[in-house]
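Below: one structure, written as C-alpha cells.
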Amino acid sequence: VSTLASVVLYLLALDGVACALLAWTEPTPLKLAGWALGLGIIQGVGEKLGSSFATIDVKRRDKLGTFLGTLQLSVLVLALVLAASLFSPGLLRFLTNVLAGYQVVALLLVRLTTHPRGLVGQSLALIALACLRGGPLGAWAAASALGLTGLYIGLEHHSRLLATHRVDEGPHGAQALWRSLVVVVPVALLIGVAVVQLDPEERRLTEPVIEEDPGYVPLDEDEDERKFDPRALRAIVLAGLAGAVAVYFVGRLLNRGRKGEPKAIETPEPLRGRLERIRPEDQRRSRALPQYRGRRGRIVRAYMNLLRGAERVGFQRRPHETANEFAEALGEPRANLATTTEIFRRARYGSADVTDEDVARAEGGSDAVLAHLSREPPRRRRRVVKDADAEPREAG
Amino acid sequence: VDEPSPWRGFLTAVAVLAGLLGFASDSPALVGFAFGWALILALAFLASHRALVGLVGRRRIGANAFEGDLLTVDLALENHGGRARRFVVASDTFGAGLADRQSVLEPGPLPSMHRRVLSYRAFVARQWGLYTVGPLSLGAWDPLGLAFSAREIPRLDAFEVFPQTYEIEALSTQAGRATISPRDSTAAAAGSSLLFRGVRDFEAGDDVRRIHWPATARRGSPMVREFERDQQPAFVLFLDLDRRGRAGIGRKSTLEYLVRIGASLLWTAHRRGDVFGLVAEGENEVLVPPGQDEAHLAATMHELVRARQNGSTSLLDIADRHVEWLPPGTTAVLLLANPDLDLADLGQTIQRFRAFSIRPLVVAVDTLHFTPVDRPPTPVEVAAERRQALIQCLVDRDVAATILSPDETPEEALQRPDFLAGPPEVTR
C-alpha cells in the first residue's frame, strides 16, 4: 500500500509540473519527458533520504517541517494571489518556472516529515496556476488534482491504519486502492465534466496594455533610484519573513492549547478467529406462542379461553401439566372437558385437518365447562412450583 | 487510532483558498476544485457512518486474573448488515491494564451475517482489586480516512485482580490434608459431606440445588436434602477485619499485608490439594465454607479482594465462635492486625483450638509500626515491648508464627524459608 502511495505521490508531483508548464509555457514533449524522468529520479533520492531523516527525533523533524511549511505556504499564497489578481502571462510564466523548480526541492525533502504536506501543497499550487488558464486544461488540472490527492490520502490512510495495528499490508493493497478509487474517481469525473461545460475556452494570453496619460508628468527622480530600491526590497523580505514566523508561532500556540493530554492507546496485534455464520434474527427460534389461523386457531382459542376461565376461579394449569393431566385434575364436567381436550390436542399437535364440526364441538364444550365452573367452582389449587426463571407467559 | 486525518484540515484550508482565488479571478476550475473537495468531505462523513450499520460487538473475558497475568480478551464482531464490512476498529477499555484503550483492527472482509472473533492479549498491570472492562466501542473510517465514526456498546464487565501469590514452603508440614490413618470421614451432624443424612424443610438461604423434588411433591412444600458433616481436615484462614487494625497508606498499609499474605496462604492450600475456607467479619460476616478446586479458590479470593477493615469484632471472638464447626486435624491460620490484642485471650483461643485437635498458626501484622491513620502514634518503646510480649506468648505456646513489620514487603516475607516454619525468634 505504501509503495502504491509513493507512486501516486509521484504522479501528483508530475501532474502539477506538467499542467503548469502546459498552461503557461510551450514545453516540447522531450522537455516534459525530461521532467518526468528527473522528478522520478529525485523522488527516488528523496525516499532514500527518508532513512537518514528517520534518525532525527520525530518531534524535531515535525518542528522543522512545520517551520519550512509555514514559509512555503506564505510564499505560495503570495504567489497565487499575485497571479490571480494580476493575471499577467509574464508573471504566470515566471511563477510556473520558479515553482516547478522548487518542486525538485520539495521532492528531495518528501520524507522529512511524517506527512508530505510540502510536496502536496507545492503540487496543488502548480495545479492552481494551471486552473487559472481555464478550458479543458484547467478542468483536467482540477479533476486530476482531486483524483490524485484523494487517492494518495486514501492509500496513505490504509497504510497507516494497517501499520498501526500491525496487520500485513500485502493482502489489502488492492482493496485499499479500490475503496479509494470508488470515492474519488466519480467526484473527479463530475468536477472535470462540469468545469469543461462551464468554461470550455482557455483564457487568451494578452499582455496588459498600458495607456499613457498625456497629462502625466513624471517626478524629477533619479533614473537609478526608480529602477531599484534595495530598502523597499529588504522591507518586503523582512516583513514576509516576520509574518511567516508569526504565523508559525501563533499556529503552534493554538495547536498546543487544543491538543491536551495524549491518550495511551495500545494496538495489540489481533489474533483473528475463523469466520462463523450467524443466523438471521427472523430465523432464530422464537419463544413467542405460535399463531394459529382458521379452524385450528378457533379451537386453540376456545381451549385457552377454558384455561383462563379455570384460572379465574382459582384452578390454574401448572407449567408442567399436559392437557390430559389438566382435564383429569379438573375432573368435572368430565364429558365436555374430555371432548374439548381431545379436539384441542388434535388441532394443536396433530397433522390431520380439523373440520367445522370439530370447531363447533370444541367451542360448545369450552362454553359448557365455563358455565359449569361458574355454577360449581372447583377446589382451589395450591401453587406448588414457582418457576421464577421462566419468561412471563400468558395466563393458562 | 481515531485521531482526525492530518490531511483533512490541510486540504480544507487549501480548498477554501482555491475557492476564494477562483471567485476572485473568475476561474471555474479553482471553484470546481473547492466544490469537489467539499463533496469528498460529505461523502467521507456518510461513508464512515454507513460502515457501522448492522455491526454488533460482544466481549468475552474471564472474571478474574492474578497480578501480572497475561490474558486473552475475545471481541466477537457480528455483521448483521447487508454488505460485507472492512477495516472496522474495535476499541476496548481494559481497566486492569495501563493503557487507556486497546484497539484492534478487523481488516475484513466480514461478510453479511457472519461473525469473527478478534482476540487481544492484555497485561494485568494494576494492583489487586475490582476493575471494569469496557465499554467496547466499534469504529470505522471512510475509505480516505477523513471521517471517523464510532458507536459505543455500553456494557461493562466486572473484573477482579487477585494479588500475586507465592507458595509457602513451611505449609507443606502444616497439613490440612487427610491422612491415611483410619477414622470417620463424616460426623452425624448436618454438614456438607457427600453422605446423605435425611430430608428437612427448606429454609431461607438453602441452596436450591439441594431441593429434594420427590419429597417436595409429596409434601406440597419445598424440602431439601441434608448431608452429614464433613470430617476431612481443612485449611481455614481467619482474617482480621477489625477497624482497629487500620494503619498505613497504599502499599504500606495493613490491609495490603493482610490481603497479600491471605492470598498466598489460600493459594498454597489450593496447590497442595487441601480443602480450604475463609472466615472473616468486617461490616458483614464473610464465611466461605471449606471446599476445593479452582472455582472455590476464585470465590475465596473474591471475598479477599473485597475485604475492608470496617469490622468491630475481635478475630479471637470470631475464631472462638467457629472452632467447634471445624473438623479435627484442621489447620487454622489467624491472620491478625489488631494492635490492642489481649494476649491472654490469644492464649485461650490457642488452647481451645488444640482442645478440638486443630493446629493453630499465627501471622500477625505489626500494626503499631505502620503509619497511624486514625489514632495517635504509639511510642517506639511501647510498640517494641508489645511485639516482644506477643512473640513471647507465641513461643511459650509453641505456635508456628510470623510477625510482619513495614520494614519488609509481604513478597519478601512470603519468600523467606522461615515464614511460618516455627515459633518466632525472641530478639531481646
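Each chain gets a letter, A, B and so on, in the order the sequences are listed, and its residues count up from 1.
- Distance check, rounded to the nearest 0.5 Å: CD1 of Ile153(A) to CZ of Phe10(B) gives 10.5 Å.
- Ranking Leu275(A), Val187(A), Leu76(A), Val183(A) against chain B, the residue ahead of the rest is Leu275(A), based on heavy-atom pairs under 4.5 Å.
- Note: Cys131(A) leads Gly121(A), Ala125(A), Cys131(A), Ala176(A) in heavy-atom pairs under 4.5 Å with chain B.
- At a threshold of 4.0 Å, the pair Arg116(B)-Glu276(A) does not count as salt-bridged, since none of the basic side-chain nitrogens sits closer than that to a carboxylate oxygen.
- With rounding to the nearest 0.5 Å, the separation of CH2 in Trp141(B) from CZ in Arg160(A) is 6.5 Å.
- Between Leu39(B) and Leu190(A), some side-chain heavy-atom pair lies under the 4.5 Å cut-off.
- Contacts between Leu43(B) and chain A at a heavy-atom distance below 4.5 Å involve the side chain alone, from C-beta outward.
- With a threshold of 4.5 angstrom between heavy atoms, Trp37(B) approaches chain A through its backbone and through its side chain.
- Considering only heavy atoms from C-beta on, Phe33(B) comes within 4.5 Å of Leu124(A) through its side chain.
- Ranked by non-hydrogen atom pairs under 4.5 Å with chain B, the options Val182(A), Leu162(A), Val196(A) are led by Leu162(A).
- Both the backbone and the side chain of Leu30(B) have a heavy atom closer than 4.5 Å to some heavy atom of chain A.
- Contact tally against chain A (heavy-atom pairs below 4.5 Å) for Ser27(B), Ser119(B), Gly145(B), Ala99(B): the top residue is Ser119(B).
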